[in-house]
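A short worksheet on the structure shown next.
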Amino acid sequence: MTPEELSAAITSCLKDAVDAGELTVPADALPREVRVERPKSREHGDWATSIALQLAKPAGVPPRKIAEVLQGRLAAIPGVSKVDIAGPGFLNVTVDAAAAGGLAKAIVEAGASYGTNTGMAGTRINLEFVSANPTGPIHLGGTRWAAVGDSLARIFQSQGADVTREYYFNDHGNQIDRFARSLLASAKGEPAPEDGYGGAYIEDIAKEVMSNTPDILSCADPQEEFRAQGVELMFASIRASLHEFGVDFDVYFHENSLFEDGAVEKLLEQLKASGNLYAKDGAWWLNSTGFGDDKDRVVIKSDGHAAYIAGDIAYFKDKRDRGFDLCIYMLGADHHGYVARLKAAAAAMGDDANRVEVLIGQMVNLVKDGVPLRMSKRAGTVVTMEDLVDIVGTDAARYSLARFSSDSNIDIDLDVLTKKSNENPVFYVQYAHARTCAVGRNAAAAGVERTAFDAAALSHPTESELLAVLGQYPGVLTQAAAFREPHRVARHLEVIAGAYHRWYDACRVTPMGDDAVTDVNRTRLWLNDAVGQVLANGLSLLGVSAPERM
RNA sequence: GCCCUCGUAGCUCAGGGGAUAGAGCGGUUGCCUCCGGAGCAACAGGUCGUAGGUUCGAAUCCUAUCGAGGGCACCA
């Protein structure tokens, strides 16, 4: 029995009690779903609900009275062995081992699909993340979004959503010009321009362009040539880094294309016609304050060039035209000012601002010897995605970035990284998975097979705990998707791994010495394999491997 | 000045109205005669930044305040 199943059963008990006139509760006070929780103390049963406390006020009845009404009905739920009323009115439910244990077999049979859901089926989501400018390699900040964004995409998919991973490739405008000028300067052996980019990668790219086009410096517009080739090379290198990191985008969208195919122009006409674009001081402004922004935004500058937001608006329209219901943007905290403007842009076009969802993630800081370190190219403290992967490997990098809430700043200690000392919980989880495999191998050698299954045999306290956390896994995925918080998955895997290690310590799968193989051994093998399955499922949602040996 | 996020164990962080606030790392002490010790058990360690408020109940929600980080362009 999973917590969801119990929750559904309790919800219908409550409804029955109301229908039978045993309780009078206003309809709007009845929860659609009665939440059950795993109590902290085992003395409080397997699952608990505070529904009686919540209904006391709207029903106008003391909570313990409500609990008493529900107690008998809950006790009649198949698989429930005991229902206690505790404290102010908690209902503590104990499930019998046979009902709880059935989950082990169900998980093994569900395999890779255990935990998946169809709650988001039919939703087309465009998830845009990373979108780093092609003027240099992806550094730590972008690496965090690559890990979190890709996991989020996988989690959405596990809930049945149709997800497109998209990278907005910003190849239009000033930054690119600086990049081109920096390449040109490097090629000529001149120092990097004041507002340009330095670093070894600039030299490397300049050299590569030179070797591809030896007479480049004498062509009509060398800077343009460096721009075109340089962007392509940088782009290829970014894609390669992402691929090595296990992140492959479905669409790499070129900002330039919006300007080349006239989408921006068409859109501006549309906005002018709608009256949401007005002229002032020689520029064209979007009336974004009318839609919740804190100031109006220039869309066409007085020099006649489009401002950045022009591309954003056209891009959003393009996404909607491609049929996405929800456009999610993952941005760093340094871009939080965009939230209002992106939503305003959508609204100005007559679309629903709720189609735009912006996830803001806090910064990644480097720390050395306990003091924050500014990332600086000159000081050699820029850490790129490739650096991180080289030092700790993809699994550790992805896991350590995905296990934190995006709301919190994270500090990455250079010393810890370079020591490669693995204080990373990914190993704790991976080790648990490898251990399930080792136990499986030993079981096979000892002749223990998954022939018989006796759910009631899983009666040890560590087994009941392990079954409970396995049962919570699908709900954790649903929550992770609903809150857009992949770190919940990682945290729950750590909980499962802990429960597994404790179980391993207390309960043997293969018999001791020459003891005979019994159904207890066979049943435990099901549980062991179920744990391995759930850990593998969860790790794959994080883009982390589930090794059979370490 | 205005806006966003954070403040929880020595450190890094979970905890999105419930019972005695948790994990990893670090510290102390135990556990290898049998499925992997990258593990397990026990102990130590907390005014949940501060002050009010809502509630039967607040680390959690609201307000104020202090501290940290990040924003507030006819830059992209």
Side-chain angles (χ1 to χ4, degrees), chain A residues 35 37 39-41 43-44 48-50 53-54 56-57 62-63 86-90 92 133 135 170 172-178 195 255 280-285 294-295 297-305 307-309 311-312 332-340 360-363 365 367 370 372 400 403-413 416 421-425 427-428 430-432 434-435 437-443 445-446 448 479 483 485 487-488 490-492 494-495 497-498 500-513 521 524-525 528 549-550:
Chain A
R35 276 178 54 193
E37 302 179 341
K40 289 181 208 104
S41 163
E43 293 156 25
H44 295 145
T49 176
S50 60
L53 296 163
Q54 292 163 39
K57 177 162 271 187
F90 290 104
N92 294 334
N133 285 349
T135 54
N170 194 258
H172 181 93
N174 275 342
Q175 312 250 21
I176 294 295
D177 291 343
R178 289 182 198 166
D195 59 353
E255 182 189 12
K280 192 181 97 181
D281 303 333
W284 285 89
W285 297 70
D294 56 352
K295 56 185 72 165
R297 305 288 169 181
V298 167
V299 178
I300 304 175
K301 298 186 271 186
S302 51
D303 65 4
H305 285 106
Y308 189 71
I309 190 176
D312 276 340
D334 52 342
H335 288 74
H336 97 264
Y338 287 32
V339 180
I360 295 298
Q362 299 301 310
M363 310 267 101
N365 303 309
V367 173
S400 60
R403 75 185 287 271
F404 297 113
S405 159
S406 296
D407 282 340
S408 60
N409 289 68
I410 54 180
D411 294 329
I412 295 209
D413 190 322
V416 172
S421 94
N422 290 314
E423 298 174 7
N424 194 323
F427 298 103
Y428 184 75
Q430 286 185 317
Y431 179 67
R435 193 174 237 185
C437 296
V439 168
R441 290 190 293 268
N442 290 327
V448 179
Q479 296 265 298
F483 292 125
E485 291 181 344
H487 76 272
R488 289 167 182 271
R491 299 292 173 157
H492 194 65
E494 291 168 26
V495 170
Y500 176 72
H501 288 311
R502 282 185 287 279
W503 172 69
Y504 172 90
D505 208 53
C507 300
R508 292 183 57 92
V509 172
T510 54
M512 294 273 265
N521 302 111
R524 284 179 177 168
L525 181 59
N528 177 77
R549 298 173 200 270
M550 291 175 71

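Predicted model only: the values in this text are computed from it and were never measured. Each chain gets a letter, A, B and so on, in the order its sequence line appears, and its residues count up from 1.
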Touch class at under 4.0 angstrom, heavy-atom based, for A/Ala48 against every strand present: base
Counter-base of B/A59, judged by Watson-Crick or G-U geometry with both distances under 3.5 Å: none
Inter-residue atom distance A/Tyr500.OH - A/Tyr431.OH, 0.5 Å rounding: 9.0 Å
Closest non-hydrogen atom pair between A/Tyr428 and A/Glu494, with its separation: CE2-O, 3.7 Å
Residue mapping more 5' on RNA chain B - nearest nucleotide basis, A/Tyr504 or A/Val298: A/Tyr504
Closest heavy-atom pair and its distance - A/Arg297, A/Asp294: NH2-OD1, 3.1 Å
Polar side-chain atom of A/Arg403 near backbone of A/Arg491 as donor-acceptor pair, under 3.5 Å: no
Whole-Å gap separating P (B/C75) and CD1 (A/Ile300): 13 Å
Paired nucleotide for B/U33 [Watson-Crick or G-U wobble; both distances under 3.5 Å]: none
Touch class at under 4.0 angstrom, heavy-atom based, for A/Ala445 against every strand present: nothing
Atom pair distance, as rounded to whole Å: CZ in A/Arg435 and C1' in B/C32: 12 Å
Nearest heavy atoms of A/Thr510 and A/Ala443, plus distance in Å: CG2-CA, 3.3 Å
Touch class at under 4.0 angstrom, heavy-atom based, for A/Arg502 against every strand present: sugar-phosphate
Straight-line distance of A/Ser405 OG to A/Gln362 CD, nearest 0.5 Å: 9.0 Å
Distance in angstrom units between A/Ile410 CD1 and B/G7 C1', rounded: 17 Å
Touch class at under 4.0 angstrom, heavy-atom based, for A/Arg524 against every strand present: nothing
Touch class at under 4.0 angstrom, heavy-atom based, for A/Ser405 against every strand present: sugar-phosphate
Partner nucleotide of B/C11 by Watson-Crick or wobble geometry (both distances under 3.5 Å): B/G24
Separation between CZ of A/Arg508 and CG of A/Asn528, rounded to the nearest 0.5 Å: 12.5 Å
Nearest-neighbour nucleotide for the A/His501 side chain, B/A19, B/G39, B/C74 considered: B/G39
Nearest-Å distance once atom C1' is located in both B/G52 and B/C66: 15 Å
Donor-acceptor contact below 3.5 Å, side chain A/Asp303 vs main chain A/His305: yes
Span that lies between the P atom of B/G15 and that of B/A59, in whole angstrom: 16 Å
Closest approach of A/Ser302 to A/Asp281 (non-hydrogen atoms, all atoms of both residues): CB-O, 3.9 Å
Pairwise P distance for B/A68 and B/U28, with rounding to whole Å: 35 Å
Whole angstrom value for the distance that separates P of B/A42 from CG of A/Asp505: 11 Å
Sugar-phosphate only, base, or nothing, as touched by A/His172 at under 4.0 Å among non-hydrogen atoms: sugar-phosphate
Touch class at under 4.0 angstrom, heavy-atom based, for A/Ser408 against every strand present: sugar-phosphate
Is_stacked (A/His487, B/A14) at 5.5 Å, 30 deg: no
Base partner of B/G1, which must satisfy Watson-Crick or wobble distances under 3.5 Å: B/C72
Rounded distance in Å between the C1' positions of B/U54 and B/C75: 45 Å
Atom pair CG/CD1 of A/Asn170 and A/Ile176 - distance to nearest 0.5 Å: 6.5 Å
Separation between the C1' atoms of B/C61 and B/G18, rounded to whole Å: 14 Å
Given B/U5, B/C74, B/G18, the nucleotide with the shortest approach to the side chain of A/Asp407: B/U5
Pairing nucleotide - B/G67, Watson-Crick or G-U, each distance under 3.5 Å: B/C6
Base partner of B/C48, which must satisfy Watson-Crick or wobble distances under 3.5 Å: none
Closest heavy-atom pair and its distance - A/Arg35, A/Thr49: O-OG1, 3.2 Å
Sugar-phosphate only, base, or nothing, as touched by A/Cys507 at under 4.0 Å among non-hydrogen atoms: base
Detail all sub-3.5 Å separations between protein N/O atoms and N/O atoms belonging to nucleotides 58-61 of chain B.
none

Look for any protein N or O under 3.5 Å of an N or O in nucleotides 69-72 of chain B and output each such pair with its distance, or none.
unit_1, atom_1, unit_2, atom_2, d
B/G69, O2', A/Asn409, ND2, 3.4
B/G70, OP1, A/Arg374, NH2, 2.4
B/G70, O2', A/Ala333, O, 3.1
B/G70, O2', A/Asp334, N, 3.2
B/G70, N2, A/His336, ND1, 3.1
B/G70, N2, A/His336, NE2, 3.4
B/C72, O3', A/Lys295, NZ, 3.3
B/C72, O2', A/Lys295, NZ, 2.9

Nearest-Å distance for atom pair CD/C1', residues A/Glu485 and B/U5: 13 Å
Nearest-Å distance once atom C1' is located in both B/A21 and B/C13: 14 Å
Sugar-phosphate, base or nothing in reach of A/Ile360, heavy atoms under 4.0 Å: nothing
Separation between CD1 of A/Ile309 and CD1 of A/Ile300, rounded to the nearest 0.5 Å: 12.0 Å
Which residue lies more 5' along RNA chain B, comparing A/Ala432 with A/Phe483 via nearest heavy atoms: A/Phe483
Sugar-phosphate only, base, or nothing, as touched by A/Gln479 at under 4.0 Å among non-hydrogen atoms: nothing
For the student: nearest non-hydrogen atoms of A/Ala307 and A/Val298, plus distance: CB-O, 3.3 Å
Check: B/A19 base within 3.5 Å donor-acceptor of A/Asn92 side chain: yes
Atom pair distance, as rounded to whole Å: CG in A/Asp411 and C1' in B/C25: 15 Å
Presence of donor-acceptor pair under 3.5 Å, side chain of A/Arg403 and base of B/G24: no
Pairwise P distance for B/G37 and B/C31, with rounding to whole Å: 16 Å
Nearest-angstrom distance from the residue atom CZ of A/Arg491 to P of B/C13: 10 Å
B/G22 OP1/OP2 closer than 4.0 Å to side-chain N/O of A/Lys40: no
Interatomic distance at P, B/G39 relative to B/G53, whole Å: 47 Å
Aromatic ring of A/Tyr428 stacked on base six-ring of B/G24, 5.5 Å, 30°: no
Nearest-0.5 Å distance that lies between atom CG in A/Asp411 and atom CE in A/Met363: 13.0 Å
Atom pair distance, as rounded to whole Å: CZ in A/Phe404 and P in B/G7: 13 Å
